[in-house]
Amino acid sequence: MTDTTTDNKTDKPNYKKTLNLPKTSFPMKANLVQNEPASLKRWDTLADKQGLYHAMQETSEGRKRFVFHDGPPYANGSIHLGHLMNKTLKDLVVRSKFMAGFHCPFVPGWDCHGLPIEHKVMTDLVESGKAAKLDGLTDDQRRTAVRRECKTYADKQIKLQAGQMKRLMTVADYEDPYLTFLPRYEAGVLEVLAGLCEQGLVYKALKPVHWSVANETALADAELEYQDREDLSVYVDFEASDATAVFNAFGLEESDHPGATPSFMIWTTTPWTLPANLAIAVHEKFNYALVRVDGNLTVMAVDAIERVTKLAKSEEVETLATTTGDKLVGLSYAHPFISEAPKPINDPDADTSKCYSIVHADYVTLEDGSGLVHTAPGHGADDYMTGLKEGLPVYCPVLGDGTYDTTTPDWLAGMSIWKANDLVAQRLTESGHMFHAYKFNHSYPHDWRSKTPVIFRCTEQWFVAVDAPTKRDGHTLRQMAMKSTGDDRSVNYVPAWGRNRMRGMLESRPDWCISRQRSWGLPIPAFTLPSGDAFMTAASVRAVNQIIETKGSDAWFADDPASLLAHYNPSEDADAPDELKDGSVSFDQLTKGHDILDVWFESGSSWNAVMRRRSGGEDFPVELYLEGSDQHRGWFQLSLLPALGVMGRPPFRTLLTHGFMVDKDGKKLSKSAGAALKDLFDRYGVDVLRWWVSSLAYENDVKVDEEFFKLAGESYRKIRNTLRFMLSNLDDYEAQDNPDFSDFHVHSLHAWVLGEFNTLVDKVTEAFEKYAFHEAHKLLYKFCNTTLSAEYLSAVKDRLYCDAPDSERRRRTQQTLVVLTDGLCKLLAPILCHTADEAYRALHKVDQKDKSTCVHLTGFPTKVNLETATAWPKLWEQLERAMKAAEDTRASSDIDNPLDLGIKLPDPEGTFEWFNSEDLADICGVSRFEFTKDSEIGITDLRDQPRCDRSWKRDTTVKQRSDGGMLSDRDAQALGLD
RNA sequence: GGGCCUGUAGCUCAGUUGGCUAGAGCGCACCGCUGAUAACGGUGAGGUCGACAGUUCGAGUCUGUCCAGGCCCA
């Protein structure tokens, strides 16, 4: 009996209801925005409500470890597109390593100290009027109060960001992250500082550093932003103090001497540094000329004459003589408005005898200026080096607030340097020293926070020396860094060019200034002796650290020096200052330093503060650091240096970098464009965003545009629909635990697709292993769309729909489908966390109440143990040709339906005799397939043969059955008809 | 200005050591199916490989210069 109803028009039975049509509760519409949070909630119940991360850790307990270390984002503001990529890529690593069979602990971290938070908090305090209350407090009390506010603020930001990162479905130990302000973290940082002290790499010195006038603090390289700025640029004549010497240098005889006094022309874009001028630098090898310009005699580089005089619109230009730079070295000059070389305010005995003379410097160029470079050792890195070399004092007459001190002329003392620019220029013009002045635009370093221009200024700072020999073996940090990033291959780079980039930066980096003059940070536990000398040794740092580890760094501000040094015994410290050793100075005569550590020193110590300390020393070095390519100079390098200093080896084995987000035209992304992440969660769903991230060639710049998320959504729906179609054909099938494929024929369609699946498993796991997520994405996409949707699934539709439900052929197909669907869910799991689990649960018919079945606690699929006929690839080539021929026939005839066609494929050698012609007909989408001895492909028109009313195939067995319908044997059997 | 990197169809990307008419997906156009249907299948049109020189029998691939863009630095 059948329940066949009758088609009204034709009076023939309607067989649609007799088919095994797809059926599933897995919806076509993903509704990610609603359903993802539900998945997150379900995963939170795993491992006794400790959540998915802990469940994964428990599941993988005892397996081989893959140690991956999270670089801490700064705890400020909502996460943006950059975080989306960074955190998702990291999550792809964590999840794929777990699925690949590793134990992969992952501790997320936050960079909590530092200027941005302190600045924000101070701004808020000022705006709310609370700042006034701080004024009455002592220095330490004020700092402590500010620090309390900062901590509250940071805590809030961490909660905000952690919530968003969880919504991104990233798995990490969010219950116990590392936070740089926690005492145990701070202790880990001070251990590193002590280790560097022990190696003799930490020193205090007067050095020109980038100085933020607005925030009155030294800034690290990483805290600078280059912005265009209009400045006053001046060409100034410095009169020679001995005219004859100059003429002689140019080889002029007494009789040739022009009457006037010659000058040296310098060029500067910072007129405010002229009061600090102590020398003029030339290049020994360059050619210089004595030139008469509109009546004045001046010296400038030959190559600069035309450019400079044109700029100044000079009318008469006459070169009197030329000479080389080395002849000028040693000549002296008079400062245009300072009669006697000044002495630094805190060094009244400084030797100024070498001041105001011409010196040589390598960095002099001919591209800009006059070829003679104004040199102020207190206000520039190059100038400072020259000053050291030439024995000039480090003269810096500018105070922290950007005003001149009392060593400058009366008309400048107390004045802001920004105001002084114009005044100095005016003065030079009046005194006739100004050759030319003009405004010009250039890229100039700015304080990243206040956006104000920074200056170079000499201050007392703590440094880590990169060129000082370590006590361990005499190697310097730079030598070790170059070695470990070089040919000994102890560090791998993804992509490979990271090595060159890193080395380029290490080659040229200066000593690391690790001190800052702020409150929100980890204090540098240094003291000042009554003599004025600084006191900080490895042992003293470790002693103070015992206090800080238990009480936190607030103790530095709350406790007196004697309490802080309670665990310190100078007699046991070889490096202790004599006055402490002999007891002539007691601890209560010490004063505490006010500097805090550069936040980069804190994050750069995370290999110790997090990885070593949490693992009892085991997790060092770690396998992988993964960050944006800006971290070659930032976190990577600043983790490498301390680790080399303390441990003698790099903290990481592999450095993976990703590029930056740019707009669709490849231009830098504006801040506002990167801000709308929350909106993206709500419009596309996280699986779509993750699908997009996995598709990126992340090594380079990543273009981002609204359109790309839409495309990712389209592509996601294709994957989803393939999964859905497979699930819908498994509705009446009970999967076995260990399906047996041993009796599957090697030439069967199933063997082919399972062979393809096995290849997919290999390639995808390999792609994940080498962090080529883009490749895994493409492979998975292609498998779903081509191998499955277009090829296998379209071929097996007929047997799934029309064969008797329990027939062996249909059940085998379903057995195959289960493996494919299950495997696909597992391979997709690291990327499409929600969808993969949703499909996995649907496949295994998991009850709503069962919260514990989860694809994320499984692993990548194992390959199916089944041989596949080796002739398949060759056969496919022939099938492609045949299908093309069929398609051509269809296009050039009145045949619309491929099922009205039959294919005869030449196989004169009998190569393909073992293949099943029904399988091949189904692959080609035609009704009949046979091999022929002919040499040409034959396409036959089958329209003169009866068509099965149920399967719509034309088949020789089709005839009228007892219910009146025209059916093939297979369909009649399926219906139990004769 | 310097270091590292990028520039291949409208879009996103493949193109091993230089070697057959430069590939894929998306998008687009057209066709089929209407028993995966806010789906599915098929066919097709799109490229002076950033520009210009050079090396070579031969260059998307190697070299140089330039242009555009990114990161880092000055």
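Protein chains get the first letters and strands the later ones, always in sequence-line order, with residue 1 at the start of each.
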Trainee: Heavy atoms under 4.0 Å, any strand shown: does A/Gly659 hit a base, just sugar-phosphate, or nothing?
Mentor: nothing

Trainee: Among B/A36, B/C11, B/C5, which is the nearest nucleotide to the side chain of A/Asn500?
Mentor: B/C5

Trainee: OP1 or OP2 of B/C71 less than 4.0 angstrom from a side-chain nitrogen or oxygen of A/Lys668, does that happen here?
Mentor: yes

Trainee: Please work out if A/Lys703 contacts a base, only the sugar-phosphate, or nothing of the nucleic acid, heavy-atom cut-off 4.0 Å.
Mentor: sugar-phosphate

Trainee: Paired with B/A59: which nucleotide, if any, by Watson-Crick or G-U wobble criteria at under 3.5 Å for both distances?
Mentor: none

Trainee: Would you check if A/Trp952 stacks with the base of B/G35, given a 5.5 Å centroid limit and a 30° plane limit, both strict?
Mentor: yes

Trainee: Considering only atom C1', compute the distance from B/U17 to B/C62 and round it to an integer number of Å.
Mentor: 12 Å

Trainee: Return yes if a side-chain donor-acceptor contact under 3.5 Å exists between A/Asp383 and A/Thr386, otherwise no.
Mentor: no

Trainee: Would you please confirm or rule out a distance under 4.0 Å between OP1 or OP2 of B/A74 and any side-chain N or O of A/Tyr444?
Mentor: no

Trainee: When rounded to the nearest Å, what value does the distance between P atoms of B/G60 and B/U55 take?
Mentor: 16 Å

Trainee: When the P atoms of B/U61 and B/A53 are compared, how many Å lie between them, rounded to an integer?
Mentor: 14 Å

Trainee: Closer to the 5' end of RNA chain B via nearest nucleotide, is it A/Trp497 or A/Ser629?
Mentor: A/Trp497

Trainee: Given side chains that start at C-beta, do those of A/Arg229 and A/His446 come closer than 4.5 Å, heavy atoms only?
Mentor: yes

Trainee: Over how many whole Å does the gap from A/Asp894 atom CG to B/G32 atom P extend?
Mentor: 13 Å

Trainee: The test is salt bridge (Lys or Arg N to Asp or Glu O under 4.0 Å); show your working for A/Glu838 and A/Arg724 and say whether it passes.
Mentor: CA-CA 11 Å; A/Glu838 183 192 11; A/Arg724 176 172 183 268; over 6 Å; no

Trainee: Applying a 4.0 Å non-hydrogen cut-off, can you work out what A/Met28 is touching in the nucleic acid: base, sugar-phosphate, or nothing?
Mentor: sugar-phosphate

Trainee: I need the CZ-C1' distance between A/Phe725 and B/G41, as an integer number of Å.
Mentor: 11 Å

Trainee: With rounding to the closest Å, how many angstrom separate the C1' atoms on B/C72 and B/A29?
Mentor: 46 Å

Trainee: For B/C49, which nucleotide is its Watson-Crick or G-U wobble mate, given both distances must be under 3.5 Å?
Mentor: none

Trainee: Between B/A14 and B/A74, how far is it from one P atom to the other, in whole Å?
Mentor: 32 Å

Trainee: Distance check needed: B/C11 P versus A/Glu714 CD, whole Å only.
Mentor: 19 Å

Trainee: Will you find, in the side chains of A/Gln814 and A/Asp732, an N or O donor that is under 3.5 Å from an N or O acceptor?
Mentor: yes

Trainee: Pairing check on B/C13: which nucleotide meets the Watson-Crick or G-U wobble criteria with it, both distances under 3.5 Å?
Mentor: B/G23

Trainee: Would A/Arg970 and A/Asp798 pass as an ion pair if we require N to O under 4.0 Å?
Mentor: yes

Trainee: What does B/G18 pair with, Watson-Crick or G-U, if both distances are under 3.5 Å?
Mentor: none

Trainee: Establish, yes or no, whether the cationic atom of A/Lys207 lies under 6.0 Å from the six-membered ring centre of A/Tyr384 and within 45° of the ring axis.
Mentor: no

Trainee: Using a heavy-atom cut-off of under 4.0 Å over every strand shown, decide if A/Ser789 touches base, sugar-phosphate, or nothing.
Mentor: base

Trainee: Is the base of B/C71 touched by the side chain of A/Arg501 through a donor-acceptor pair closer than 3.5 angstrom?
Mentor: yes

Trainee: What is the distance from NZ of A/Lys664 to C1' of B/G10, rounded to the nearest Å?
Mentor: 13 Å

Trainee: Would B/G46 be called syn or anti here, given the cut-off of 90° from 0?
Mentor: syn

Trainee: With both distances kept under 3.5 Å, what pairs with B/G7, Watson-Crick or G-U wobble?
Mentor: B/C67

Trainee: With a non-hydrogen cut-off below 4.0 angstrom, is A/Asp665 in contact with a base, only sugar-phosphate, or nothing?
Mentor: nothing

Trainee: Touch check for A/Asn700, heavy atoms < 4.0 angstrom, all strands: base, sugar-phosphate only, or nothing?
Mentor: sugar-phosphate

Trainee: Applying a 4.0 Å non-hydrogen cut-off, can you work out what A/Arg720 is touching in the nucleic acid: base, sugar-phosphate, or nothing?
Mentor: nothing

Trainee: So does A/Thr18 get a backbone contact from the side chain of A/Arg950, meaning a donor-acceptor N/O pair under 3.5 Å?
Mentor: yes

Trainee: Within the structure shown, what part of the strands sits under 4.0 Å from A/Lys884 by heavy-atom distance: base, sugar-phosphate, or nothing?
Mentor: sugar-phosphate

Trainee: Between A/Leu696 and A/Glu887, just flag the one whose closest nucleotide in RNA chain B comes earlier from the 5' side.
Mentor: A/Leu696

Trainee: Taking any strand in view, what nucleotide pairs with B/G1 in a Watson-Crick or G-U wobble way, both distances under 3.5 Å?
Mentor: B/C73

Trainee: Looking at A/Lys29, does any N or O in its side chain come under 4.0 Å of the phosphate oxygens OP1/OP2 on B/A38?
Mentor: no

Trainee: Starting from C1' on B/C71, measure out to CG on A/Asp663 and report it in whole angstrom.
Mentor: 16 Å

Trainee: Using atom OH of A/Tyr698 as one end and atom C1' of B/C13 as the other, report the distance to the nearest whole Å.
Mentor: 15 Å

Trainee: Please name the nucleotide paired to B/A29 by Watson-Crick or G-U wobble geometry with both distances under 3.5 Å, or report none.
Mentor: B/U43

Trainee: Taking only N and O in the side chain of A/Lys667, is any of them less than 4.0 Å away from OP1 or OP2 of B/G70?
Mentor: no

Trainee: Is the shortest side-chain N/O distance from A/Arg724 to OP1 or OP2 of B/C40 below 4.0 Å?
Mentor: no

Trainee: So, do A/Ile266 and A/Val373 sit near enough that their side-chain heavy atoms are less than 4.5 Å apart?
Mentor: no

Trainee: Using a 4.0 Å heavy-atom cut-off, does A/Leu711 contact any base of the nucleic acid, only the sugar-phosphate backbone, or nothing at all?
Mentor: sugar-phosphate

Trainee: Using a 4.0 Å heavy-atom cut-off across all strands, classify A/Ser728 as base, sugar-phosphate, or nothing.
Mentor: nothing

Trainee: Expressed in whole Å, how much space separates the P atoms belonging to B/G3 and B/A59?
Mentor: 29 Å

Trainee: Checking contacts here: which listed nucleotide (B/C72, B/A39, B/G32) is nearest the side-chain heavy atoms of A/Asn721?
Mentor: B/A39

Trainee: Do A/His777 and A/His774 have their ring centres less than 6.0 Å from each other?
Mentor: no

Trainee: Does A/Arg717 reach a base, just sugar-phosphate, or nothing at all? Heavy atoms under 4.0 Å.
Mentor: nothing

Trainee: Could you please name the option among B/C13, B/C5, B/C40 that lies closest to any side-chain atom of A/His774?
Mentor: B/C13

Trainee: Could you check how far CD1 of A/Ile939 sits from P of B/G42, rounded to whole Å?
Mentor: 16 Å

Trainee: Ignoring the backbone of A/Ala790, work out which of B/G35, B/G42, B/A39 is nearest its side chain.
Mentor: B/G42

Trainee: Which whole number of Å gives the distance between the C1' atom of B/U21 and that of B/G2?
Mentor: 44 Å

Trainee: Check the distance between B/U37's P and A/Tyr801's OH and give it to me in whole angstrom.
Mentor: 8 Å

Trainee: Looking only at atom C1', what distance separates B/G44 and B/G25, rounded to whole Å?
Mentor: 16 Å

Trainee: Check step by step if side-chain contact (heavy atoms from CB on, under 4.5 Å) holds for A/Leu626 and A/Tyr698.
Mentor: CA-CA 11 Å; A/Leu626 183 168; A/Tyr698 60 75; over 6 Å; no

Trainee: Starting the side chain at C-beta, find the nucleotide from B/G32, B/C72, B/G70 nearest to A/Arg890.
Mentor: B/G32

